[in-house]
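The model shown is predicted, which means the values in this text are computed figures rather than measured ones. Residue numbers count from 1 along this sequence.
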Amino acid sequence: MSIKDLSKEKKDTINLSRRSFVAGSLKTSLFMAFGASAIPSVLSAKEAIENKTFSPNVWFEMDTQGHVTVNIAKAEMGQHVGTALARILADELECEWDKVSIVHVDTDPKWGYMVTGGSWSVFQTYKPMSQAGAAGRQVLLSAGAKLLGVPVSDCEANAGFVVSGSKKISYGDIVANGNIDKVYSADELESLPIKPGNKKHLIGLGNQYKALDIPPKTDGTAVYGIDVEVDNMLYARPILPPTRYGSKVTKVDDSQAKSLPGYKGYKILNDPSGTVEGWVAVLASDYPTAIKAIDKVKVSYNAGKTGNVSEADIQKEGERICRDRSEGTLFVDEGNIENAGKQAAESIEAMYTTATASHFQLEPLNAIAEYKEGKWHVHTGNQWQGLTLPAVAKAAGVPDSDVVIHQYYLGGGFGRRLFGDWIIPALLTAKAAGQPVKMLFMRPDDTMFDQPRSASTSLFNAYFDNAGNFTGMEHALAAGWPTLAMAPGFMPDGVDGKGKFDPFSASGADHWYTMQHHRARVINNKVAQETFTPGWLRSVGQGWIVWGLESFIDEVAHKANQNPVDFRLSMLDGKGKQAGKAPESVGGATRLAHALKKLKDKTANVALGENEGIGFSVTAGQERTMPAWLATAAHVHVDKSSGKITLKKLWVVADAGIVVHPDGAMAQMEGSLLWGTSLALFEHNEIKDGYVAKKNLTTYQPLRMNDVPDMDIEFIESNEFPVGLGEPGVIGVAPAVGNAVYNAVGVRLRHLPMLSSDVKKALKA
């Protein structure tokens, strides 16, 4: 499936294309796979799999010992995705967990469109993996019954055996003797019974079943992109131009570098895809020499037009376009906000902003490019191969089918490794050099070529009637748009028909509160867009949008003389569109209200010291069509003399439906809360002279261990459809902290991160 085809459907839909399912014995293994929507009756399952006539996605295979290998078409970056997906399948298959292993696959088209991000993996894969396991179980039951000489109705599958009374046969023996050849039509597959929650033997059971990716990470056998080497390769390090776009190389002087043993020269890169402009790559036989050579190779440029752009320029443009109601397109337009404004007895306005934020993933960018046997082979860790591969092919000047991306573990992704633009300079260098090249980015190179989260601006207006009742809210939100830069095919039309917008830079403004009048206008900040490539960073748009939204909801509550928690609960009534829909949002806003009520009770008796406060926020996760219902509370202390905010504790109550891998879910929630804390109180960058100013961790400050808060995390037991947990925890931290600061010392902070200097300034004001 191409990105164009995929964009016709909702990006996070669970209604995947109707496909058949085939199971066939080949040699000493049983292969089970999804195929096309229909397999012609002239072909057996064995023929369909063996000939790959209909490109079956080979999801898993079982050998004569009952060992199951599950192919994972998702990137592993610390979230245990392979374990979660394998557990879904193994639970339905009724196999033994200690006989399950996983393999992360390359970009062969048979695996389909590949993307790992947006917290979509479990959400998108739960249904097809469950169907695959159920189909496999039925196949084994039928074959096992035949071998046992009993009716299939008298059999059950249990822990790797087909059992009928006192008789039983192992899955391995069935594979060895069963001669299986079965095709399920799409309708038959759809009608297969999926086990209810109380019949699960793997899903939902904490750390009784260990993650499959942990052993190789702890014994050193795990292979990350940066570990890979191929024969006859050169090492390369890039020299970045003075601006992200528009710079041109006018002269290169490498005379000083030629004295370095192992120096192999340089290449000026010409990129047909337009991804990198004005780049020079330095080559060497070893990487230390490539590092040294950078300082000895002098490059002259004609610089692009954004060389003088600053963070202040981006913020100034953000405020201008938010205040200009002719800018942007409408994302939400319900009721009549104009009339609400005209008829209001009172109104309040607030502007919330965030600074540029960088990724600083642990593993710096790296890739090997090698031309072999008529194809370009790329070795790296990438989150969105379906988006990356066509751009790489364009840069190479070859069809998509002539590029293969070999997938490895990612040493941190967080959105930076979605669009793999770093592959392109590696490939162009290898093409120019005529031999394999491994391009490694040093941390400053990595940070300059980062796709940072754009600085953002959100302008809010709320209206009240003569009785002081809240009647409606207007919300304008502006930033650089990652999807416009990297995946414009995903951009839908605004509700007013005035243009397309980035859904990842709007999500969260379509909240679950019932409001009589509500408008959200989303605007692209062109100054940011033209200066750098805006990126998706963990929590994506919600990380900055909900910061403003949930902080402003507190302001509205105080203006209406209501308790902020009770005010939220009054609007989380589940009426109209807020009722949700099956299967992904059954219960709608009432489930969010339930989480908030539980959180209110958990924090009701917390003792507060002087200059301490507790603040609340609610969020619905990454996307409205994939809601994880989260209520967050933060307990802070504010030192009035220094302005330092100490986050003492975070509470989260989460309803994420069925929790497939509880240990992984808890790790995801803990990590996302700490990421949210880091963005709320510490880490920020700024654009200076067209690039980020902080290029290493000596100046860029993320959360440190001594500032880690206590955390109380509760998952509500549920049998509803499972949703993603990779990012939602980030979202609610900042507004909960900001609201807590207000309750502690009475100042409202409206910029992220909330620095001590901001607190001192606000207290003086």
Side-chain angles (χ1 to χ4, degrees), residues 1 9 13-26 29-62 68 70-71 73 85-95 110-112 123-148 150-158 160 162-164 169 171 174-175 178-197 199-200 203 582-584 658 721-722:
M1 181 183 289
E9 311 246 353
T13 181
I14 61 169
N15 298 314
L16 302 180
S17 302
R18 287 168 56 80
R19 291 175 294 178
S20 61
F21 189 83
V22 293
S25 301
L26 294 176
S29 292
L30 170 62
F31 289 86
M32 290 171 270
F34 284 106
S37 58
I39 301 289
S41 58
V42 295
L43 283 179
S44 69
K46 291 182 180 181
E47 290 170 325
I49 292 172
E50 190 168 21
N51 300 330
K52 301 181 182 178
T53 308
F54 297 94
S55 298
N57 303 110
V58 182
W59 285 68
F60 60 106
E61 66 179 276
M62 181 182 289
V68 177
V70 185
N71 292 297
L85 302 188
R87 279 177 86 152
I88 297 168
L89 186 143
D91 206 315
E92 286 291 341
L93 189 61
E94 277 290 346
C95 64
K110 70 185 179 186
W111 305 116
F123 177 74
Q124 288 182 328
T125 314
Y126 183 78
K127 183 178 179 181
M129 275 293 196
S130 295
Q131 290 177 328
R137 185 176 76 247
Q138 292 294 325
V139 164
L140 289 162
L141 278 168
S142 296
K146 187 175 181 180
L147 290 168
L148 290 173
V150 298
V152 70
S153 58
D154 291 347
C155 297
E156 67 174 0
N158 187 290
V162 170
V163 182
S164 177
I169 184 170
Y171 281 0
I174 295 172
V175 172
N179 193 28
I180 296 168
D181 191 348
K182 173 67 176 175
V183 176
Y184 285 94
S185 70
D187 288 335
E188 288 173 326
L189 190 64
E190 188 70 27
S191 65
L192 283 175
I194 304 299
K195 292 196 298 185
K199 297 294 184 182
K200 303 289 188 185
I203 288 175
E584 73 273 11
I658 296 170
F721 201 91

To check you understand the geometry: which heavy-atom pair defines the closest contact between Ala157 and Tyr171, and what is its length? CB-OH, 3.3 Å
Output all residues satisfying ring pair (Phe, Tyr, Trp, His ring centres under 6.0 Å) with Tyr184, sequence neighbours left out; order by chain, then residue number. none
Rounded distance [0.5 Å steps], CE in Met32 versus CZ in Phe60: 4.0 Å
Side chains of Leu85 and Val70: closer than 4.5 Å at any heavy-atom pair? no
Show every donor-acceptor pair shorter than 3.5 Å between a side-chain atom in residues 131-138 and any protein atom, with sequence neighbours excluded, or say none if there are none.
residue : atom : partner : partner atom : Å
Gln131  : NE2  : Glu190  : OE1          : 3.4
Arg137  : NH1  : Glu92   : O            : 2.5
Arg137  : NH1  : Glu92   : OE1          : 2.9

Is there a side-chain contact between Glu188 and Phe21, using heavy atoms and a 4.5 Å cut-off? no
Could you measure the distance from the CG atom of Leu189 to the OG atom of Ser20? Nearest 0.5 Å is fine. 8.0 Å
dist Lys182:NZ -> Ser25:OG (nearest 0.5 Å) comes out at 14.0 Å
Can you sort out the partners of Pro151 under side-chain contact (heavy atoms from CB on, under 4.5 Å), two or more places apart, ordered by chain and number? Ser153, Asp154
Measuring only between side-chain heavy atoms, which start at C-beta, is Val68 closer than 4.5 Å to Leu93? yes
Intermediate values then yes/no, side-chain contact (heavy atoms from CB on, under 4.5 Å), Val162 and Leu147: CA-CA 10 Å; Val162 170; Leu147 290 168; over 6 Å; no
Closest non-hydrogen contact found for Phe123 with Glu584 is CE1-CB, 3.6 Å
Under the side-chain contact (heavy atoms from CB on, under 4.5 Å) criterion, do Ile174 and Ile180 qualify, and how do the steps go? CA-CA 9 Å; Ile174 295 172; Ile180 296 168; 4.2 Å; yes
What is the distance from atom CD1 of Ile658 to atom OG of Ser130, rounded to the nearest 0.5 Å? 8.0 Å
How would you list, by chain and number, every residue that makes a side-chain contact (heavy atoms from CB on, under 4.5 Å) with Val152, sequence neighbours excluded? Leu141, Ser142, Ala145
